[in-house]
Trainee: 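Let me begin by handing over the structure; questions about it come next.
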Amino acid sequence: MEIEKITAGQELFLDGQETLVGAWKKSLEQHPDKTLFSFNGEKMNRATFLDQTSQTASALVNYGLTQGDRVIISGETSLDLVIAHVACLRLGLILVPVNSSYSESELSFLIKDAAPSAALVDNQEWHELISSIDPDVFISSTSLKIESGPIPDLDFSKPEDPALIAYTSGTTGKPKGAVHTQRTLLAGALSVANAWEWTESDCLLLCLPLFHIHGMGIGLHGTLLVGGSAVLQEGFDQDSIFSAITENGCSMFFGVPTMYNRLLEDERVTQLSSLRLCVSGSAPLSADLHQQLKERGGVDVLERYGTTETMLTISNPFSGERRAGSVGLPLPGVEIKIEQDSGEVLVRGESVFREYWSKHKESDSSFDNGWFKTGDMAIIGDDGYISINGRIKELIITGGLNVYPQEVDEVLQLHPEIVEAAVSGVESQEWGEEVVAWVVMEEGVKSLDLDEIRKFASKYLASYKLPKRLVFVKELPRNALGKVLRHELKEEGGANGK
Ligand code: AMP
């Protein structure tokens, strides 16, 4: 029988009083003229950035927002989005970043759950929807066009004050808000900065979305913490990636495996070797892709592992072997335990979230004696390297984005010609996994059109959650209790390998 294994990263030195915003201020007040962000050819230095966040905070105070109020924030990457994000944190507001590709019903759920006092969203169509749910919510785009007044008191939050609610579906269908504090956010960014020797001379090429912990909690927050700089890009575009590498002198790139797959197909892939660090995460990087990037691109990608709730917890070393097929060793400030029988990865440490927003029962059950249960499975080698080798939770990761099958099943079942449906992730070279739906049709219905089903489901779901294929079956495989056996789906109807 496997014995339970516990392994820990180096100690993370956090002064008890330190907060994310306090640490940012300290680093950004030095060298005011140094460029902090570049976006679409526009450059912004540290002094201007700090000043604009103060002005925006003043506008938010004018509107009547006070510490602890929740603020929905959503938009494509822009300087305004980043300024609003940081202004809220400096003012002690609790940020709720939202994926701008969400459908109206996904957004409605979050509004009801987080009960925000303000919504800074760039999608004008959402403004009406939000005010119809709660007319008292202050609504604006991320560029606040309201009068600002005197600069308010800023950066006063205490380490344990909630700072951000990151929505994730955890192990079930409905999204849950993982509450991070000033301290957990600081720890998450600091442990990575230490491990990857991230310094103020680094320039990060950041095209990851800023509503997710990967791009926001690590990419954006880390840049501000170390006082480095970042070239911000609105989404992944190969030409922009390669021109940023050659023209902006970037030194680091953070991506997901789907991005690396595309970069590998491009003859300019060798340009990646001019970066000092390329990181992959959010989904498994196959050993084969890792190897090909090394051979054809001359780049030894560093793979790391984490979750929204814990931030990053395991990483291949910056100096030392970056092992293909392994996520490496625990990061500073993190302890990892591999459960004896199930092989589940449990995490304890400085960057672990405090609770799920207003969900006490789920919060309690997601911990085992202080250890967060990730729902992922792993093995540890004799030399301490950890390899993720499965998932206990029902989760599909497609192009680095998470899809919770139950949520998609429920929507497909609303379709009048579908009796029941269940989705699962099928291996895909391009997406890692792709969403495939197994469907039982109503009697008399001979076939269903994929485009029509996608159009129907898009009223409720963001586009990356929509099925890429349909497999028609007579019935879904179920256990004695009626639960759909998703692992058996793939054997039905020959969806594998198509
Ligand atoms: P999220 O909460 O959106 O960051 O998603 C977290 C999930 O992504 C984890 O629970 C894992 O299932 C998966 N994940 C993240 N990084 C990796 C990785 N390097 N290898 C395999 N799975 C990963």
Side-chain angles (χ1 to χ4, degrees), residues 97-99 101-102 164-172 175-180 184-185 188 192 208-219 221 254-261 278-290 293 301-317 322-331 334 336 338-339 342-347 351-353 356 366 371-379 385-405 407 425 427 431-433 462 464-465:
V98 174
N99 183 342
S101 72
Y102 268 8
L164 188 134
I165 304 178
Y167 273 85
T168 156
S169 296
T171 50
T172 58
K176 290 183 284 195
V179 178
H180 277 283
T184 61
L185 290 179
V192 166
L208 290 164
L210 299 181
F211 56 77
H212 188 268
I213 280 290
H214 191 175
M216 165 189 60
I218 305 302
H221 293 181
F254 297 171
V256 301
T258 300
M259 294 177 184
Y260 283 106
N261 233 320
C278 287
V279 178
S280 174
S282 290
L285 179 75
S286 73
D288 180 50
L289 181 54
H290 187 281
L293 285 158
V301 174
L302 180 152
E303 185 176 8
R304 90 318 176 265
Y305 161 87
T307 68
T308 297
E309 289 91 340
T310 60
M311 310 210 36
L312 301 193
T313 51
I314 309 174
S315 166
N316 272 282
R322 298 179 192 168
R323 189 172 298 170
S326 166
V327 289
L329 308 156
L331 278 164
V334 172
I336 298 289
I338 309 291
E339 210 40 355
S342 62
E344 184 172 9
V345 180
L346 307 192
V347 179
S351 59
V352 176
F353 78 126
Y356 290 116
S366 66
W371 292 85
F372 175 68
K373 301 189 275 184
T374 63
D376 294 307
M377 297 188 299
I379 46 169
Y385 274 71
I386 298 168
S387 301
I388 304 292
N389 65 351
R391 263 175 240 146
I392 294 167
K393 59 189 172 192
E394 291 188 338
L395 167 69
I396 302 169
I397 306 181
T398 183
L401 295 167
N402 293 359
V403 179
Y404 285 84
E407 193 188 3
E427 224 179 282
W431 301 103
E433 290 177 305
Y464 64 87
K465 300 180 183 174

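Start at 1 and go down the list; that is how both ligands and their atoms are numbered.
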Trainee: Regarding ligand 1, does S280 bring an N or O atom to under 3.5 Å of one of the ligand's N or O atoms?
Mentor: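 No; every N/O pair is 3.5 Å or more apart.
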
Trainee: Within the structure, is a non-hydrogen atom of I213 found at a distance of less than 4.0 Å from ligand 1?
Mentor: no

Trainee: Quick one: list whatever passes ring-ring contact (aromatic ring centres under 6.0 Å, His included) with Y102, sequence neighbours left out.
Mentor: none

Trainee: Are T313 and L331 packed together at the side-chain level, in the sense that at least one heavy-atom pair is separated by less than 4.5 angstrom?
Mentor: no

Trainee: Quick one: does ligand 1 sit under 4.0 Å from the side chain of H212, the backbone, both or neither, non-hydrogen atoms only?
Mentor: side chain

Trainee: Work out which heavy atom in S351 is nearest to a heavy atom in L312; give both atom names and the distance.
Mentor: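 Smallest heavy-atom distance, with atoms named: OG-O, 4.2 Å.
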
Trainee: Find all atoms of ligand 1 within a distance of less than 4.0 Å from any non-hydrogen atom belonging to I397, and give their numbers and elements.
Mentor: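 Selected atoms, number and element: 8 (O), 12 (O), 13 (C).
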
Trainee: Under 4.0 Å from a heavy atom of Y305: give me the atoms of ligand 1 that qualify, with their elements.
Mentor: 11 (C), 16 (N), 17 (C), 23 (C)

Trainee: Does ligand 1 have any atom that is closer than 4.0 Å to a heavy atom of K393?
Mentor: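 Yes.
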
Trainee: Is the F353 to F372 ring centre distance short of 6.0 Å?
Mentor: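 Yes, they do, as the ring centres are separated by less than 6.0 Å.
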
Trainee: Going by the order shown, which atoms of ligand 1 are within less than 4.0 Å of some heavy atom of P284?
Mentor: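 Within the 4.0 Å cut-off of P284, ligand 1 contributes 20 (N), 21 (C), 22 (N).
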
Trainee: Is the closest side-chain heavy-atom distance between N402 and S282 below 4.5 Å?
Mentor: no

Trainee: L289 and N261: side-chain contact (heavy atoms from CB on, under 4.5 Å), yes or no, with the steps?
Mentor: CA-CA 7 Å; L289 181 54; N261 233 320; 4.2 Å; yes

Trainee: Could you pull out, from A283, G217, A166, the option with a heavy atom nearest to atom 23 (C) of ligand 1?
Mentor: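 Among A283, G217, A166, the closest heavy atom to atom 23 (C) of ligand 1 comes from A283.
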
Trainee: Can you find a side-chain donor-acceptor pair between N99 and S101 that sits under 3.5 Å?
Mentor: yes

Trainee: Are E309 and K176 close enough for a salt bridge, meaning some N to O gap below 4.0 Å?
Mentor: no

Trainee: Show me which atoms of ligand 1 lie under 4.0 Å from any heavy atom of R391.
Mentor: 12 (O)

Trainee: For F254, check ring-ring contact (aromatic ring centres under 6.0 Å, His included) against everything at least two apart and list the hits.
Mentor: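 Partners of F254 under the ring-ring contact (aromatic ring centres under 6.0 Å, His included) test: W196, W198.
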
Trainee: If you measure every N or O of T308 against every N or O of ligand 1, does any of those distances drop under 3.5 Å?
Mentor: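 Between T308 and ligand 1, an N or O pair is found under 3.5 Å apart.
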
Trainee: What protein heavy atom lies closest to atom 6 (C) of ligand 1? Include the residue and the distance to one decimal.
Mentor: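 Going atom by atom, the protein heavy atom closest to atom 6 (C) of ligand 1 ends up being G306 O, 3.5 Å.
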
Trainee: Report yes if N402 has an N/O atom closer than 3.5 Å to an N/O atom of ligand 1; otherwise report no.
Mentor: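 Between N402 and ligand 1 (N or O atoms, distance only) the closest approach is under 3.5 Å.
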
Trainee: Which of the numbered atoms in ligand 1 are under 4.0 angstrom from any heavy atom belonging to R304?
Mentor: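 Those qualifying, in numeric order: 16 (N), 18 (C), 19 (N).
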
Trainee: Given A178, S282, G281, which one has a non-hydrogen atom that is nearest to atom 14 (N) of ligand 1?
Mentor: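 Heavy atom nearest to atom 14 (N) of ligand 1 belongs to S282.
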
Trainee: So that I can tick it off, tell me whether K465 and E407 are bridged by a salt bridge, with the cut-off set at under 4.0 angstrom between side-chain N and carboxylate O.
Mentor: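 Salt bridge present between E407 and K465.
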
Trainee: To which protein heavy atom is atom 9 (C) of ligand 1 closest, and what is the distance rounded to 0.1 Å?
Mentor: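 Ranked first by proximity to atom 9 (C) of ligand 1 is D376 OD2, 3.2 Å.
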
Trainee: Going by heavy atoms in the side chains, are V347 and V334 under 4.5 Å from each other?
Mentor: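 Touching, per the 4.5 Å side-chain cut-off.
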
Trainee: Which of the numbered atoms in ligand 1 are below 4.0 angstrom from a heavy atom of E303?
Mentor: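 Result: 18 (C), 19 (N), 20 (N).
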
Trainee: With heavy atoms under 4.0 Å as the rule, classify the contact between T307 and ligand 1 as side chain, backbone, both or neither.
Mentor: both

Trainee: Using a 4.0 Å cutoff against the non-hydrogen atoms of V327, which atoms of ligand 1 qualify?
Mentor: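 So the answer, numbered in order with elements, is 19 (N).
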
